[in-house]
Amino acid sequence: MKKNIAIIGGGDSQEYVISVKSAEQIMDIINKDRYNPYPVTLRGLEWKVKLTDGSTVPVDLRDFSIQDNKRKVKFDYAFIIIHGTPGEDGKLQAYLDIQKIPYNTCGVLSSAITFNKYTCKNYLKNFGILTAESIILRKKEDFSESLIKETVGLPCFIKPNNGGSSFGTSKVNKSEDLENAVKDAFRIDNEVVVESFVKGTELSCGLLKTRKEEFIFPITEIISGNEFFDYEAKYTKGKAEELTPATVPEEIHRKCKHIASEIYDHLNCRGIVRIDFILKGNQLYFLELNSVPGMTKESIIPCQIRAMGFSVGQIVEKVIEDNIY
Ligand SMILES: Nc1ncnc2c1ncn2[C@@H]1O[C@H](COP(=O)(O)OP(=O)(O)O)[C@@H](O)[C@H]1O
Ligand SMILES: [Mg+2]
């Protein structure tokens, strides 16, 4: 019997639209001879599925099912493709654990840690992973400009601690711009990370480990046309160059893949993740880990998968087969 798979997109962050695009792409490429995929779009407590006849039905959250033409369909597996909350921070994973539904991403704790940039960086520091100096600001507390300048210095990066797609992120070069940058980031999140600027080459490494196999994808080098890889550079055609494989020496490819693989294990990851680094000299600074990376046609992970000689559908199938029973 074909298994029913809920492909869950949308979510409650600014990345809603990108997630819906990623989800459409997964719907397109998933092997329909093997699975019955259903597109689930989620916003708050409104979870709905568009059926093939064009009608929309709600998901019954009590048992994670829908009514498809008067027939009850219970989902056997969830393919989460929500960037940001609640798909990348462990909340959806917790719901699915309670329902005993297997899914494609990291578990609750790994998702929660990796989504919290500051916590993730500090956790990885214990294992000797290099990462930029940083401090955390909390909305209710006053922040000290002099502490920022003494601890992380200028230029620095200011970003929402729980965010993505560079929303609310700024590079600050002068003290007088600090306050506005902090305000911008607080619009997105109650916690803000202030991080030393690491000048170097931006690299991104995707990977997947299943019970049987291990895939460390070719590394992508990001050359932004803007001052950094901001929202515009990420999503406007021609605003950034993404080179796969990266044009760095062979030794750096090896080192980056090795560190990415270690990070995956330290964090007990599952499914496809993408890890962002800055290469300065021959040192790799960990920036962040994306546990639900973009999967649109143009996204970095699909490019890496194709560069490795696989189709995205083949890799997605390996993810699903790893824990669907
Ligand atoms: N400490 C830093 N030094 C240099 N560039 C940075 C730093 N932090 C962030 N950036 C730039 O900002 C972009 C977004 O930051 P990142 O931590 O990856 O968050 P997001 O989740 O928004 O992608 C990065 O791709 C990089 O271009
Ligand atoms: Mg990033």
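Any value given below was found using the heavy atoms of this structure, including those in side chains, with hydrogens, waters and symmetry copies removed. Both counts, for ligands and for their atoms, begin at 1 and track the order of listing.
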Identity of the N, O or S atom of E288 lying closest to the Mg ion (ligand 2): OE2

Worked verdict on Y77 versus Y35 for ring-ring contact (aromatic ring centres under 6.0 Å, His included): CA-CA 10 Å; Y77 186 92; Y35 314 114; 7.9 Å; no

Amino acids contacting ligand 1, non-hydrogen cut-off under 4.0 Å: K117, F157, K159, G163, G164, S165, S166, E195, S196, F197, V198, E202, F228, F229, K234, D276, I278, L287, E288

Row check, Y103 ring normal vs R270 NZ/CZ: under 6.0 Å, within 45°: yes

Spacing of S65 atom OG and N4 atom CG [to the nearest 0.5 Å]: 10.5 Å

D276 atom (N/O/S) at minimal separation from the Mg ion (ligand 2): OD2

Any donor-acceptor N or O pair under 3.5 Å, side chains N161, D189: no

Modelled atom types, side-chain donor and acceptor of T131 and K121, under 3.5 Å: yes

Derivation of the salt bridge (charged side-chain N to carboxylate O under 4.0 Å, His left out) call for E321 and R34: CA-CA 11 Å; E321 287 306 309; R34 199 152 183 184; 3.3 Å; yes

H83 and S165 side chains, donor-acceptor separation under 3.5 Å: no

